[in-house]
Amino acid sequence: MITVDEVRNALRRVVDPELHRNVIDLHMIHDVQIEGDSVHLKLALTTLECPLLDTLSEQVHAAVAALPGVQHVAVEVVEMSSEEVAAAYARATSGNGQGGNGQHAAPTFSVSSPAKGAEVVSLPRQLSPISHLIGVTSGKGGVGKSVVTAMLAASMRRQGFRVGILDADITGASIPKLFGLSGNLKQIPEGILPHQTSGGIRIVSTNLMLHNPDDPVVYRGSMIAQLLQSLWKDVVWGPLDYLLIDFPPGTSDAQMTVMTELPVEGLIMVTTPQELAGLIVRKAVRMSQEMHVALLGIVENMSYFVCPDTGSRQEIFGPSHIEAVTSLAKVPLLGQLPLDPQLSLLSDAGEIEKYQFPLVDNIATALQQLIPHGDEKRDGVVAL
Ligand code: ADP
């Protein structure tokens with residue numbers, strides 16, 4: 001029959017990617033029990049919200065299941081006490097030449113801004129391989145940029161992708177409200193944990209860092225840059241297929257700052273028939289060229305209204321010229337969305353994930369097709 005020592009020896013091959021030590025040396029395996037060909041054990045993690053929970057427990061399960069004579073493996077994940085967490089970090093740091101005082105330096109919001117070239121990949125970034133970082137922009141506020149970001153994220157999530165939203169619209173952060181999220185973000189030893197929506201979208205926003213989310217946020221340019229850097233470097237997103245960034249509106253410094261601070265792969269632009277679409281699109285094209293970030297496509301929001309009584313399509317903001325503009329600018333039109341009272345009701349109720357609309361799914365699919373897929377590795381973005 002298999003022995004406890006054999007199980008523990010097998011588990012020495014499972015290394016915690018954050019602490020760079022194996023799970024046995026870190027005392028993460030408790031209560032190994034063996035009955036015939038069945039093994040039951042506990043895997044103790046620093047927090048149950050650890051983004052590596054699934055990965056580590058699968059690796060532990062696989063290592064034990066591979067032992068000859070083992071037919072059934074049960075891995076119970078438990079949370080370490082704060083003393084155990086401190087001891088685990090002490091063990092990790094004592095064995096890797098980083099000093100052994102047992103103190104784990106938790107990342108803070110007030111990170112300094114090293115020159116881009118000299119960037120050291122932070123621990124939260126190492127724990128957060130993100131395949132695609134896509135920005136959502138608009139010419140001005142109020143056109144539905146945040147709503148479109150939220151709907152696209154929800155659609156992608158329903159398609160089974162791992163999705164996050166970084167609400168970089170610092171002075172008009174509305175993403176948490178759309179998903180009914182409140183309460184400050186939690187800091188764990190590994191970094192800042194995003195909030196999760198009921199559908200499993202991970203969200204980070206400055207509004208989740210303020211004591212009173214109704215307080216106005218007043219930042220100077222340099223502070224915005226620091227805050228964005230911190231949101232990028234200190235958040236433990238865990239692995240994501242798509243991270244959507246809700247940009248500040250306009251083609252101002254604030255937008256440029258986001259593009260400078262974050263390795264944005266491509267942009268989509270939200271506009272309405274009211275906006276001077278030609279001008280907005282030309283500005284967006286110029287900005288994306290200057291910043292070397294691809295403009296992937298345009299979404300026209302509030303394009304029309306479908307009259308509930310007659311089903312007729314009313315262009316209440318006037319006729320759209322978006323198709324002519326996008327074809328002239330050679331930017332794909334990803335889709336046109338109607339003005340829909342149901343959407344505004346669900347947004348106000350913090351239930352935007354309940355809004356399901358085929359046209360939004362089409363836009364999400366079109367967007368995915370425009371993004372180059374492959375195993376390319378970008379600055380700060382790791383392909384899964
Ligand atoms: P922005 O991010 O561009 O400032 P928001 O996404 O916050 O704009 O949207 C502004 C308001 O318009 C919100 O109250 C939202 O619910 C509403 N809204 C946006 N798009 C639509 C739409 N297609 N139908 C109905 N209401 C919409």
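Quick caveat: nothing in here was measured; it's all calculated off a predicted structure. For ligands, and for the atoms within them, numbers begin at 1 and follow the listed sequence.
Neither the backbone nor the side chain of P341 has any atom closer than 4.0 Å to an atom of ligand 1 (non-hydrogen atoms only). Counting heavy atoms closer than 4.0 Å to ligand 1, residue S146 contributes atoms from both its backbone and its side chain. Contact annotation for N301 and ligand 1: only side-chain heavy atoms (C-beta onward) come within less than 4.0 Å of the ligand. If you look at V147 next to ligand 1, the close heavy atoms, those under 4.0 Å, come from the backbone and the side chain alike.
Geometrically, ligand 1 and M302 share no nitrogen or oxygen pair separated by less than 3.5 Å.
Distances below 4.0 Å separate heavy atoms of L343 from the following atoms of ligand 1: 21 (C), 22 (C), 23 (N), 24 (N). Atom numbering of ligand 1 starts at 1 in the shown order; those under 4.0 Å from a heavy atom of S347 are 16 (O). Residue G141 approaches ligand 1 through these ligand atoms, each under 4.0 Å from one of its heavy atoms: 4 (O). Below 4.0 Å from some heavy atom of L339 lie the following atoms of ligand 1, by number and element: 23 (N), 24 (N), 25 (C). Heavy-atom proximity to G142, at under 4.0 Å, picks out these atoms of ligand 1: 1 (P), 3 (O), 4 (O), 8 (O). Near K145, meaning under 4.0 Å from one of its heavy atoms, ligand 1 places the atoms 1 (P), 2 (O), 3 (O), 6 (O), 8 (O). Near P338, the atoms of ligand 1 lying under 4.0 angstrom from a non-hydrogen atom of the residue are 22 (C), 23 (N), 24 (N).
Considering only non-hydrogen protein atoms, atom 26 (N) of ligand 1 sits nearest to S344 CB, 3.4 Å. Atom 7 (O) of ligand 1 has as its closest protein heavy atom S174 OG, 3.9 Å. The protein heavy-atom contact nearest to atom 9 (O) of ligand 1 is G144 CA, 3.7 Å. Looking only at heavy atoms of the protein, atom 24 (N) of ligand 1 is closest to D340 N, 2.9 Å.
Using modelled atom types, one side-chain atom of N301 and one backbone atom of V143 make a donor-acceptor pair closer than 3.5 Å. Under the 3.5 Å distance criterion, the side-chain polar atoms of S155 are left unmatched by any main-chain donor or acceptor of M151. Checked by atom type and distance alone, the side chain of N207 pairs as donor or acceptor with a backbone atom of A173 at under 3.5 Å. One N or O on the side chain of H195 and one on the backbone of G183 form a donor-acceptor pair closer than 3.5 Å. When atom types are taken as modelled, the side chain of D16 and the backbone of R21 share no donor-acceptor pair closer than 3.5 angstrom. Panel note: side chain R157, backbone G199; a donor-acceptor pair is recorded below 3.5 Å.
Atom 21 (C) of ligand 1 is flagged as protein-proximal [any protein heavy atom, distance under 4.0 Å]. Of the protein's heavy atoms, at least one falls inside 4.0 Å of atom 15 (C) of ligand 1.
Checked by atom type, the side-chain pair E353/T197 shows a donor-acceptor distance below 3.5 Å. Using a 3.5 Å distance cut-off with no hydrogens or angles, the side chains of E6 and T3 do pair a donor with an acceptor.
When the shell of 6.0 Å around NZ of K354 is examined, it contains 12 or fewer heavy atoms from other residues, nucleotides or ligands. Heavy atoms from other residues, nucleotides or ligands lying under 6.0 Å from CD of E323 number 12 at most.
The CD atom of Q356 lies 10.5 Å from the CG atom of L346; values are rounded to the nearest 0.5 Å.
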